[in-house]
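This report refers to the structure that appears directly beneath it.
Predicted model only: the values in this text are computed from it and were never measured.
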Amino acid sequence: MTFTGFPVAGLDFYEDLENDNSKAFWAEHKHVYEASVRGPLEALAADLLSAFGPAKLFRPYRDVRFAKDKTPYKTHQGAWFTESSRYVQISAAGLFVAGGYWESTPPRVERLRRWVADDLTGTQLQALIAALPKGVTVGGDRLVRVPTAYAKDHPRADLLRHKSLTVSWEVGSPAWLSTPRAKTEIVKRLTAMGPVVGWLDQHVGSD
């Protein structure tokens, strides 16, 4: 299957699912999910394999074992490109793309803070973030205060509060989303976040 965009029917499917998150609705409309959500996302992942590596598509079912919310289905579908730390998601709100480090294990947090605090590498990260295109959100889990091991007035105090670091775009549902142009637009955004993700790969890495 060649990726030709995300059909509007996929966004409508999730809008309806938000209103009726039931097994009965899912069973009746699963064919829409397969044709207009999962199928296009699998095709996109195949098209982007050479550039961003293999992608893992997440299960559409929620783990409700310990959750107060017992609705059975996720209201979005995501694909995680493990090797390149990139993420693509489709939902009723449209397209969302992101990259970076979500997991905040103690060794990763320690490495992130150490290299952020370093004047050379920390200043480099600041510059890479400043160069990101308009509309990008820098996120991640953050402490309320600067860690005690660092000065409160550190020039990169805000970055030192991060336990994880991500960059993301809430793209929404522009007219091109349901056309072949969507691939070009998605690649453009995944590529633009490359320098920040590359910095994280080099200095934070995996455990």
Quick check: does any side chain N or O of [X] sit under 3.5 Å from a backbone N or O of [Y], one acting as donor and the other as acceptor?
| X | Y | result |
| --- | --- | --- |
| T71 | Y73 | no |
| W199 | T121 | yes |
| R161 | L143 | yes |
| D118 | R114 | no |
| Q77 | F58 | yes |

Find the distance between [atom1] ([X]) and [atom2] ([Y]) and round it off to the nearest 0.5 Å.
| X | Y | atom1 | atom2 | result |
| --- | --- | --- | --- | --- |
| L44 | I90 | CG | CD1 | 9.5 Å |
| L165 | S104 | CG | OG | 12.0 Å |
| L200 | L128 | CG | CG | 9.5 Å |

Quick one: sort the F3 and F6 rings into parallel, tilted or perpendicular, breaks at 30° and 60°. perpendicular
For the residue pair F52 and F81, does the interplanar ring angle fall in the parallel (under 30°), tilted (30 to 60°) or perpendicular (over 60°) class? perpendicular
Of the non-hydrogen atoms in [X] and [Y], which two are nearest, and what is the gap between them?
| X | Y | result |
| --- | --- | --- |
| A182 | G5 | CB-CA, 4.2 Å |
| G94 | L177 | CA-CD2, 4.3 Å |
| P155 | Q126 | O-NE2, 3.5 Å |
| Y14 | A92 | CB-N, 3.5 Å |
| L190 | R86 | O-NE, 2.9 Å |
| S85 | D201 | OG-OD1, 3.7 Å |

Here the side-chain hydrogen bond (donor to acceptor under 3.5 Å, both in side chains) pairs for residues 181-198, sequence neighbours left out, are R181-E185, E185-K188, E185-R189
Show every side-chain hydrogen bond (donor to acceptor under 3.5 Å, both in side chains) that has at least one partner inside residues 129-151, sequence neighbours left out. R142-D158
Looking at R156 and D119, does any basic side-chain N land under 4.0 Å from a carboxylate oxygen? yes
Which residue pairs pass the ring pair (Phe, Tyr, Trp, His ring centres under 6.0 Å) test when at least one of the two sits in residues 83-141, sequence neighbours left out? W80-W102, W115-H203
Determine whether E42 and L57 satisfy the following criterion, side chain to side chain contact (heavy atoms under 4.5 Å, CB included), listing intermediate values before the conclusion. CA-CA 8 Å; E42 287 177 338; L57 270 66; 3.4 Å; yes
Tell me whether Y61 is reachable from V32 by hopping between hydrophobic residues (I, L, V, M, F, W, Y) whose side-chain heavy atoms are closer than 4.5 Å. yes
Enclosure of K163 NZ (heavy-atom neighbours >12, cutoff 6.0 Å): no
